[in-house]
Amino acid sequence: MENTLKIYNSLTRDKEVFTPLNEGRIGMYVCGPTVYSDVHLGNCRTFTSFDVIYRYLMYLGYKVRYVRNITDVGHLEGDSDEIGTEDKISKKARLEELEPMEIAQKYTNGFHEMMRIFNTLPPSIEPRATGHIPEQIKMVQDIIDNGYGYESNGSIYFDTLKFIEETKAYGKLSGRKIEDLMAESRDNLKNQSEKRHPADFAIWMKAAPSHLMRWSSPWSVGFPGWHLECSAMSTKYLGETFDIHGGGNDLKFPHHENEIAQNMGSCNCSGARYWMHANMLLMNGRKMSKSDGNTITPVQLFTGNSPHISKGYSPMVVKFFMLQSHYRSTLDLTDEALQAAEKGYKRLMEGNKLLQGMKHPGNGKPGPLDEELNKLIDQVHAEMNDDFNTPKALAVLFEIVTKVNSLNAGHLQLTDLTDLTLTRLQETFRGFVDEIFALEDEGLAGESNGDSPMDGLMDLIIDIRAEARANKDWGTSDKIRDVLQEVGIVLKDSKEGTSWTKA
RNA sequence: GGUUGGGUGGCCGAGUGGCUAGGCAGAGGUCUGCAAAACCUCGUACGGCGGUUCGAAUCCGCUCCCAACCUCCA
C-alpha cells in the first residue's frame with residue numbers, strides 16, 4: 001500500500017503523486033455557490049466532498065488555505081452574453097422585491113446554515129465577487145493588454161479564437177477539440193451578437209438601463225462576466241499558480257476552461273496545478289432537476305416530506321450515505337439506499353463508541369490479531385491517500401468494527417493485542433470519524449460520563465428491569481423494554497449488562 | 001451530432017490482469033427467559049459478442065444501453 005498522497009488530476013486524466021508548490025502548505029480553491037436560491041442538495045455533496053478533502057489534508061499535517069467563493073453577480077439566466085439578459089441575483093431581487101444584496105445575503109446565510117448542519121468547516125477565506133470588482137477590472141485590462149480581449153459596444157469579450165490560435169491551450173481540461181471549436185461557424189451568431197465567435201465569452205458586460213447591479217469601469221457602467229471572479233479571486237488569495245482547484249463536474253466546461261483561459265490570458269500563468277471535480281448527485285438515475293420535479297431539498301430529506309422517500313433521514317445519515325461513494329462517481333439517491341446508510345451509520349458510530357470505551361487490561365502480546373489490526377490501521381490511511389477513497393476507507397473501518405464487536409462480546413481477547421495497538425486503533429478511528437469524516441454522533445446514547453439527568457434516569461430504569469429479570473418477572477421486564485421502544489429508546493442486553501441508544 | 005464518464009450479485013457501492021471490498025436486505029447457526037444487538041457461515045455478480053493471455057469484471061475491438069456537459073446549474 002502506498003503512503004504518499006495521490007490525486008486524480010482532471011487536467012491530465014491521471015492519478016498523480018501530490019506535491020505542493022510550497023512544502024507543507026497547500027492552496028486550494030473551490031468554486032462556491034451562486035447565491036440566488038436555496039442550497040441544492042447537489043451542492044451539499046460537492047462541498048461535503050471538498051470538506052473531507054480539506055480536513056484530510058490538514059490531518060496529514062499540511063497548512064491549508066482553503067478559498068471558496070460566493071458568486072453574487074455576473075451569473076446570467078439562460079443563453080448568456082446578450083445585453084438585456086438578466087443576472088440571476090438581479091432577477092430574484094426583482095421577483096422578491098428586495099435589494100440584490102439582500103438576496104445574496106439571504107441565500108448566503110442559508111448556505112452557511114446548511115454547511116453547518118452537515119458539519120463542514122468554513123473555508124479560510126470566502127470572498128464575494130461583488131467585493132472584488134477592482135481586481136476583476138484589473139484582470140480584464142490585463143487580458144485586453146495581452147491582446148486577448150476586445151470591446152464591443154461597451155462590453156469586453158475574451159477572444160477565444162485568437163487565444164486558441166496563439167496558445168493551443170484551450171479545451172485541454174474538458175477534452176473539447178480545438179478544431180471543433182474553431183470550426184463553429186460564425187453564421188451561428190446571426191446578427192444580434194456582439195461576439196466575434198461563438199466560443200468567445202463576456203468578461204465585462206455593459207449593463208442594460210434596468211440592470212440593478214452596476215459598477216463603473218473604463219469601458220462602461222456594467223458588471224463582470226461570470227467566469228472572471230474565480231480567476232481574479234484565486235489569483236488574489238492563492239497566487240498566480242496554486243495547488244488545487246475544485247468544483248462540480250458540471251463546471252468543467254465552460255466555467256473552468258474559461259478560468260484557465262483568463263489566467264493564461266492575463267498573466268500567462270497556469271493557475272491551478274491539480275484540478276479536482278466532484279461528480280453529480282443523481283436521483284432515480286438522473287440528475288436532480290427542479291424543472292422536471294426530479295429533486296429533493298435538504299430540508300425535505302431531513303423531514304421526510306417528499307414523495308421520493310418513505311421517511312426522514314438525519315443530516316449525518318445523508319453525509320454518511322455520500323461518503324460511501326467516491327467523490328468522482330455519480331451517486332444515485334434512493335430511499336432504499338438511504339435506509340441502508342442509516343443502519344450502516346449507526347453500526348459505525350456504535351463501533352466507535354465501544355472502541356473508545358475500551359481499556360487495555362495489560363499484558364497484551366503481539367500475535368496474529370495484533371498484526372491484523374495494525375494492517376487495517378495502515379490500510380485505512382492508504383485508502384484515503386489513494387485519491388481520497390472514502391468508500392474503501394469506510395470498508396476498512398467496518399472491518400475494524402467487526403473486530404471491536406468481537407472483542408466486546410468476548411469472542412476475541414484484548415490480551416491478544418498490545419496496549420499500543422489499542423491506542424493506535426482508538427486514535428485512528430476517532431481521527432477518521434471526528435476529524436476527517438466529521439460524523440457527529442446523533443444517537444445521544446447512554447454515555448460513560450453519565451452526568452445528565454437522562455443518564456441517571458436510564459440507569460434507574462435499567463436497574464429496575466435488571467431486578468425484575470433476576471426475579472424472572474418477564475412481564476415487568478418486557479413492558480419496560482417495549483414501552484421504551486415506543487418512545488424511541490432501544491435497550492441492548494449483553495453479558496456486561498444493559499446499554500441503551502436512541503432508535 | 002461532439003465531449004467526458006459509466007453499465008458489478010435483491011438495493012447502494014468499491015475494485016482495474018490471478019488473491020474477501022464494504023454497507024443494507026435475505027438464509028442458516030451461536031448467544032438470550034424471549035427478543036433486539038452482537039458474533040460465525042452462506043450467494044460465487046461483473047451489459048452483449050469477439051480477441052489478447054497460462055489466466056480478464058479488470059487489457060483490445062465491435063456492439064447495445066445510460067448519464068452528465070456542449071445553454072444557467074455543485
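The sequence lines fix the lettering, A, B, ..., with proteins before strands; numbering per chain opens at 1.
When heavy atoms are screened at a 4.0 angstrom cut-off, A:Thr402 is found touching the sugar-phosphate backbone but no base atom. Within the nucleic acid shown, A:Arg176 comes within 4.0 Å of at least one base atom, counting heavy atoms only. Residue contacts for A:His277: at a heavy-atom cut-off of 4.0 Å it reaches no nucleic acid atom on any strand shown. Using a 4.0 Å heavy-atom criterion, one finds that A:Gln339 contacts no nucleic acid atom at all. Counting any heavy atom pair closer than 4.0 Å across all strands shown, A:Leu397 reaches no nucleic acid atom. As judged by a 4.0 angstrom heavy-atom cut-off over every strand, A:Gly42 is placed among the base-contacting residues. If you check every strand for non-hydrogen atoms under 4.0 Å, A:Asn389 touches sugar and phosphate atoms only. Note on A:Lys472: nothing from the nucleic acid sits closer than 4.0 angstrom, heavy atoms only. When heavy atoms are screened at a 4.0 angstrom cut-off, A:Ala395 is found touching base atoms of the nucleic acid. Heavy atoms of A:Asn405 sit under 4.0 angstrom from primed sugar atoms or phosphate atoms, though from no base atom.
The side chain of A:Pro391 approaches B:A14 more closely than any other nucleotide in the set B:C39, B:G33, B:A14. Of the candidates B:A37, B:C69, B:A21, the closest approach to any side-chain atom of A:Lys392 belongs to B:A21. For A:Asp250, taking side-chain heavy atoms from C-beta onward, the closest of the listed nucleotides B:A35, B:C69, B:U4 is B:C69. In this structure, the nucleotide among B:A74, B:G5, B:G33 sitting nearest to the side chain of A:Arg13 is B:G5. Here B:A67 is the nucleotide among B:A67, B:G2, B:A38 with the atom lying nearest to any side-chain atom of A:Leu282. Nearest nucleotide to the side chain of A:Asp478, out of B:C34, B:C69, B:A25: B:C34. Listed nucleotides B:C24, B:A21, B:C70 differ in distance to A:Arg347; the shortest reach to its side chain belongs to B:C24. Proximity note for A:Leu331 (side chain, C-beta onward) versus B:C12, B:A74, B:A37: the nearest is B:C12. Between B:G13, B:A35, B:G23, one nucleotide has an atom nearer to the side chain of A:Ser325 than all others, and that is B:G13. Nearest to the side-chain atoms of A:Ser406 among the listed nucleotides B:A68, B:C40, B:C69 stands B:C40.
In this structure, A:Phe432 and A:Phe437 have perpendicular ring planes: the angle between them is above 60°, well past the 30° mark. Between A:His211 and A:Phe223, the ring planes lie parallel to each other; the angle is under 30°, not in the 30° to 60° tilted range.
No donor-acceptor pair under 3.5 Å is formed between the side chain of A:Ser234 and the backbone N or O of A:Tyr29. Not a single donor-acceptor pair under 3.5 Å links the side chain of A:Asp386 to the backbone N or O of A:Ala382.
The shortest non-hydrogen separation linking A:Cys230 to A:Asn69 is SG-OD1, 3.9 Å.
Ion pairing between A:Asp478 and A:Arg481 holds under the 4.0 Å rule for side-chain N and carboxylate O.
Taking atom CD1 of residue A:Ile400 and atom C1' of nucleotide B:C39, one finds them 17 Å apart after rounding to whole Å. Between the CG atom of A:Asp332 and the C1' atom of B:G5 there is a distance of 15 Å, given to the nearest Å. One atom, CZ of A:Phe111, and another, C1' of B:A74, lie 9 Å apart when rounded to the nearest Å. Between the CG atom of A:Leu491 and the P atom of B:A38 there is a distance of 15 Å, given to the nearest Å. Atom-to-atom, NE2 of A:His326 to P of B:G15 comes out at 7 Å; the value is rounded to the nearest Å. Computed from coordinates, the A:Ile296 CD1 to B:A74 P distance equals 19 Å when rounded to whole Å. Straight-line distance from the CG atom of A:Asn249 to the C1' atom of B:U4: 8 Å, rounded to whole Å. Protein atom CG of A:Asn9 is 16 Å distant from nucleotide atom P of B:U4, rounded to whole Å.
On the P atoms, B:C70 is 45 Å away from B:U44, given to the nearest whole Å. Between B:G9 and B:A57, the two C1' atoms lie 12 Å apart (nearest whole Å). Separating the C1' atom of B:C39 from that of B:G7 is a span of 36 Å, rounded to the nearest Å. Atom C1' of B:A37 sits at a distance of 47 Å from the matching atom of B:C69, rounded to the whole Å.
Within the 4.0 Å cut-off from OP1 or OP2 of B:G13, not a single side-chain nitrogen or oxygen of A:Ser329 is found. For A:Lys252, no side-chain nitrogen or oxygen approaches OP1 or OP2 of B:A68 to under 4.0 Å.
A donor N or O paired with an acceptor N or O is found under 3.5 Å between the base of B:G33 and the side-chain atoms of A:Ser477. For B:A35, the base has a donor-acceptor partner in the side chain of A:Arg481 [N/O atoms by modelled type, under 3.5 angstrom].
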Step-by-step salt bridge (charged side-chain N to carboxylate O under 4.0 Å, His left out) determination, A:Asp493 to A:Arg465
CA-CA 11 Å; A:Asp493 296 325; A:Arg465 178 163 168 272; 3.1 Å; yes

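Base pairing of B:C39: its partner is B:G29, meeting the Watson-Crick or G-U wobble criterion (both donor-acceptor distances under 3.5 Å). Base-pair partner of B:G1: B:C70 (Watson-Crick or G-U wobble, both distances under 3.5 Å). Remark: B:A21 base-pairs with no nucleotide; criterion is Watson-Crick or G-U wobble with both hydrogen-bond distances under 3.5 Å.
Note: A:Phe201 and A:His255 fail the aromatic proximity criterion, with ring centroids not under 6.0 Å apart. Residues A:Phe118 and A:Phe47 keep their aromatic ring centres 6.0 Å or farther apart.
No aromatic stack links A:Phe47 and the base of B:A74, using centre distance under 5.5 Å and interplanar angle under 30°.
In terms of position along RNA chain B, the nucleotide closest to A:Leu333 lies nearer the 5' end than the nucleotide closest to the other residue of the pair A:His227 and A:Leu333.
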